[in-house]
Every structure is written in structure tokens, then in C-alpha cells.
Q: 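Dropping a structure here in C-alpha cells format, bear with me for questions.
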Amino acid sequence: MLVKSASFVISNTDVAKCPNSKLPEYAFIGRSNVGKSSLINALCNKKKLAKTSSRPGKTQLINHFLINKNWHLVDLPGFGYARVSKSQKKIFQKFITTYFEKRTQLVTAFLLIDIRHEPQPIDLNFMQWLGENSIPFSIVFTKADKLKPNAVERNVALYSEKLLETWEILPPKFITSSTSKYGVDQVLSYIGSLNENLKYTT
Ligand code: GTP
Ligand code: MG
């Protein structure tokens, strides 16, 4: 799928104020600094569409971007960011979970995982929560450029092994780098195919 147009729509902390349309949307979630905003920019081929930073905690709102005038990408704040106060963390956490619980336009979530790290409880718990709430998700490994190809393969295999301890069927997975654009086309094709399927089911 080609991204012909991509524009910022609105930022929110209130899910009720997110765009009131029926357009399908795809949300990017994961730990702070994992590369959510960078991946959105890579998908849209626009360097400054979503704000990125080398310091964790950059994205603090629910951000909607309109793509090709007929679907939304959603950039969310990271979870597990240690440097914000406990009360602020709770507020973030609350509106992230409310977003997932209330947003019926959400087709699937993309849970981003830094390919360099071993499976972390915070990500595994979040997957558990998505599963319990019947929210479809895919796993997107990020920053693949930071490892040699065989280390990428090894870490992905280790991750799958870990997931198979609790999951019977594994979610779709993508290996990406926003820097080299590796895997970006696969994510776009997947979104394109889900958008196509929706045409026949709605
Ligand atoms: P929060 O908004 O704080 O939750 O972070 P985020 O998940 O949106 O991360 P962001 O896209 O802001 O990226 C964090 C840092 O990682 C930035 O310094 C990016 O340049 C870097 N980064 C993101 N993706 C990649 C990648 O694929 N490769 C490399 N080498 N660096 C990346
Ligand atoms: Mg961000």
C-alpha cells in the first residue's frame, strides 16, 4: 500500500474527544522510547509528522493522523516510563487503557518491542491484558538496524518461545527499522489488507 497523504488531526487525553468518524484506525503502543513515533514517520515517509526524541516520554497524548484520507494511525504515549511522577503515570495508564477499551474504530494494535531486549514482564503483561480484552494485536520488533541479522533472528525466536509458554497461537509479527526502513512495507501491506477486508465485512 502506498501512503499518498498523511496529516496530523488532533491530540487528546480524552478518548471521547478523539475523531468522531467511522474510519478504521491502527494504534502504536509500547514502552517509552521503543520507536512508536519514529515508525509512524517511517510508514508515512515524513520525518516530522509524529514528534520523536532520544529522551523517553516524548509522546504524552493520543495523537491521530489521517492517512490517504480514509484511515487513521494513532500514536500513543509509552507505558512504563519511569521518570514521570507516579500519579502522572497512573493518568497515562488510565487513558491508554480507556483508549483500548472504548475505541471501537480500532482494527488492531501494534505492540512495539525493542528487538535488543529479552521479553520484559511489562510487555508480556500488556499482551495478556489485550488478550483478555479481546483486542487484536501484532508484535512489531523495532530497531533491527542495531543488531546483526543472526542476532535479530535469535531474539525473535527467543521471543516466540517465551510467548508459546502462555499463548497457543502467536500474533502476527514484524521486524522493522525506522532508520533503514526495513519491514516498513510489510506493516503497510498488512494494514492495507485489513482495510480491504473491512470493505467486505461492514
Ligand atoms: P515515547 O514517545 O517517549 O513513548 O517514545 P517512542 O516510542 O515514540 O520513541 P521515538 O520514536 O521517539 O524514538 C525514540 C528514540 O529511538 C529516538 O532517538 C529515535 O531516533 C530512536 N529510534 C527509533 N526507531 C529507531 C530505529 O529503528 N533504529 C534506530 N537506530 N533508532 C531508532
Ligand atoms: Mg512517541
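Order of appearance sets the numbers: ligands from 1, and atoms from 1 within every ligand. These figures come from a predicted structure and were not determined experimentally.
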Q: Test ring pair (Phe, Tyr, Trp, His ring centres under 6.0 Å) on Y159 and F141; report intermediate values, then the result.
A: CA-CA 10 Å; Y159 216 100; F141 293 100; 5.4 Å; yes
Q: Looking at S138 and P171, what are the two nearest heavy atoms and their distance?
A: CA-CB, 4.4 Å
Q: Is the distance from the Mg ion (ligand 2) to the nearest N/O/S atom of T59 under 2.8 Å?
A: yes
Q: Is N45 close to V3 at the side-chain level, that is, under 4.5 Å between some pair of heavy atoms?
A: no
Q: Would you please classify the geometry between the F174 ring and the Y190 ring as parallel, tilted or perpendicular, with 30° and 60° separating the classes?
A: tilted
Q: Do any nitrogen or oxygen atoms of T52 lie less than 3.5 angstrom from nitrogen or oxygen atoms of ligand 1?
A: no
Q: Parallel, tilted or perpendicular for W71 and Y26, by the 30°/60° rule?
A: perpendicular
Q: Could you tell me whether T59 and ligand 1 have an N or O pair separated by under 3.5 Å?
A: yes
Q: Where does P56 meet ligand 1, judged by heavy-atom distances below 4.0 Å: at the side chain, the backbone, both, or neither?
A: backbone
Q: Looking at L73 and L43, what are the two nearest heavy atoms and their distance?
A: CD1-CD1, 4.4 Å
Q: Is it the case that more than 12 heavy atoms not belonging to K17 sit under 6.0 Å from its NZ atom?
A: no
Q: Can you tell which of I113, L112, I29 makes a side-chain contact (heavy atoms from CB on, under 4.5 Å) with D123?
A: I113
Q: If you count the atoms of ligand 1 from 1 in the order shown, which ones are under 4.0 Å from a heavy atom of G57?
A: 3 (O)
Q: Do any nitrogen or oxygen atoms of R55 lie less than 3.5 angstrom from nitrogen or oxygen atoms of ligand 1?
A: no
Q: Nearest to atom 8 (O) of ligand 1 by heavy atom, G30, S32, S37: which?
A: S37
Q: Starting from atom 5 (O) of ligand 1, what is the nearest protein heavy atom, named by residue and atom, and what distance separates them?
A: N33 N, 2.9 Å
Q: How many angstroms lie between CD1 in I40 and NZ in K51, if you round to the nearest 0.5 Å?
A: 13.0 Å
Q: Look at atom 30 (N) of ligand 1 and find which of V34, D145, L76 reaches it with the closest heavy atom.
A: D145
Q: Does S38 bring an N, O or S atom to under 2.8 Å of the Mg ion (ligand 2)?
A: no
Q: Report, in ascending order of atom number, the atoms of ligand 1 lying under 4.0 Å from any heavy atom of S54.
A: 17 (C), 18 (O)
Q: Where's the contact between S180 and ligand 1, heavy-atom distance under 4.0 Å: side chain, backbone, both or neither?
A: neither
Q: Considering distance alone, does some N or O of P77 sit under 3.5 Å from an N or O of ligand 1?
A: no
Q: Can you tell which of R116, K146, R31, K36 gets a heavy atom nearest to atom 4 (O) of ligand 1?
A: K36
Q: Which residue supplies the protein heavy atom nearest to atom 25 (C) of ligand 1, what is that atom called, and how far is it?
A: K143 CG, 3.7 Å
Q: Please state which protein non-hydrogen atom is closest to atom 17 (C) of ligand 1 and give its distance, to 0.1 Å?
A: S53 O, 3.4 Å
